[in-house]
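Letters A, B, ... mirror the listed sequences (proteins, then strands); counts begin at 1. Side-chain atoms are counted along with the backbone in the values below, which use heavy atoms only and exclude waters and symmetry mates.
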There are 2 protein chains.
Amino acid sequence: MKKISDSTIRRLSKYYRTLSSQIEKGVSTISSNEIAQLNSITSAQVRKDLSFFGTFGKRGLGYNTEQLKDQIANILGLKKEWRVGLVGFGNIGRALLRYDEFKKQGFNIKAIFDNDPTKLGQQIDNLKIDKIEDACNVVAKEK
Amino acid sequence: MKKISDSTIRRLSKYYRTLSSQIEKGVSTISSNEIAQLNSITSAQVRKDLSFFGTFGKRGLGYNTEQLKDQIANILGLKKEWRVGLVGFGNIGRALLRYDEFKKQGFNIKAIFDNDPTKLGQQIDNLKIDKIEDACNVVAKEK
DNA sequence: TAGATTGTTAATCGATTAACAATC
DNA sequence: TAGATTGTTAATCGATTAACAATC
């Protein structure tokens, strides 16, 4: 498989948001040129980016917004469940653990790490706080 | 002034971290090749990136770590004080407001915005929570 | 069919790298 | 001076864009 550049992936994620918002507005069909204008780039760029992954449009018509959004979600792995580790359990870490949007997007926090010895071993939601040094081992075990 | 690419800026910020950690280890001089290896890139890339902003090294010797770190800090605007607005005052927003590292890095939160009507007008640390719709106006007034 | 827009090739542009004279 | 490494030019590589045949 040919190497896909970072820039392409980043743009794909922008197209995804564009499609989401157009779908909310009730738009069911969109051209590469419309997507391009909404992202201040060229339509050739949009078509090129998509072409790395397949052919999703209809010549003369453009793209079905729902379908294209769905296909980009697949490309970006947005449908998968991800088991993730949280590193740092201070105020921000705690807030992130409670941030439901992650769960909704398929990111499930399955481990917590911190370097404060007084926090080690503490139990939160079935999770025990681990030493940061252990992070690599824990992740390796999951592979 | 010639346009500097995003990639260059992103790398500069990596060099900055590399220098910080080398300085901590007591390293006082570094070559473009050493910086490159620590960042998995070529030495030509490092020298090219720096060359957009001036000449910082000594031929035959390399770069003084302290000096180069300082000069990159200037390039990246790390010495400036920044007045910033916080958008969203839920759990994460609250944690970010209390995160001292921002203040230390020169980012001073001077306004808070949220879209929850029950939060509007609340007073936190001398700051009144504003409507998100007002964010652009508030920022514009600062310019 | 005529008009529109895709998917893709070829041309262009910009970023990375190799090479080397300058010089510490 | 000899060795090392910079700063910069020129060559290479890869990403963006223009152009257009295919086709809805």
Checklist entry - Would you find a donor on one side and an acceptor on the other, under 3.5 Å apart, between the side chain of B:Lys119 and the backbone of B:Phe89? => result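 Checking the backbone N and O of B:Phe89 against the side chain of B:Lys119, a donor-acceptor pair under 3.5 Å is found.
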
Next on the checklist: Given 3.5 Å as the limit, does a donor-acceptor pair link the side chain of B:Asn64 with the main chain of B:Glu66, or not?
Outcome noted: yes

Next on the checklist: Need the pair for C:dT23. Rule: Watson-Crick or G-U wobble, both distances under 3.5 Å, any strand; none if unpaired.
Outcome noted: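 Looking at the geometry, C:dT23 pairs with D:dA4.
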
Checklist outcome for this item: As its Watson-Crick or G-U partner within any shown strand, both distances under 3.5 Å, D:dA10 has C:dT17

Checklist outcome for this item: Sorted by position of nearest nucleotide on DNA chain D, 5' first, the leading residue of A:Ser7 and B:Glu34 is B:Glu34

Checklist outcome for this item: When B:Ala44 and A:Ser5 are each assigned the nearest nucleotide of DNA chain D, the 5'-most assignment goes to B:Ala44

Would you indicate what [X] reaches in the nucleic acid, counting non-hydrogen atoms under 4.0 angstrom: base, sugar-phosphate, or nothing?
X: A:Thr8; value: nothing
X: A:Ser32; value: sugar-phosphate
X: A:Ser43; value: nothing

Next on the checklist: Exactly one of A:Glu81, A:Arg83, A:Lys103 should register a side-chain hydrogen bond (donor to acceptor under 3.5 Å, both in side chains) with A:Asn108. Which one does?
Outcome noted: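 Among A:Glu81, A:Arg83, A:Lys103, the one that satisfies the side-chain hydrogen bond (donor to acceptor under 3.5 Å, both in side chains) with A:Asn108 is A:Glu81.
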
Checklist entry - With sequence neighbours excluded, what pairs up with B:Arg94 under the side-chain hydrogen bond (donor to acceptor under 3.5 Å, both in side chains) test? => result none

Item to check | DNA chain C: 5'-most and 3'-most nucleotides touching chain B, 4.0 angstrom heavy-atom criterion | outcome: C:dA15 to C:dC24

Next on the checklist: I'd like to know whether A:Lys104 forms a salt bridge (charged side-chain N to carboxylate O under 4.0 Å, His left out) with A:Glu101, so could you lay out the CA-CA distance, the side-chain angles of the two residues, the decisive distance to 0.1 Å, and finally the verdict.
Outcome noted: CA-CA 5 Å; A:Lys104 279 189 209 148; A:Glu101 201 59 28; 3.5 Å; yes

Checklist entry - Any chance the side chains of A:Asn74 and A:Lys79 put a donor and an acceptor closer than 3.5 Å? => result yes

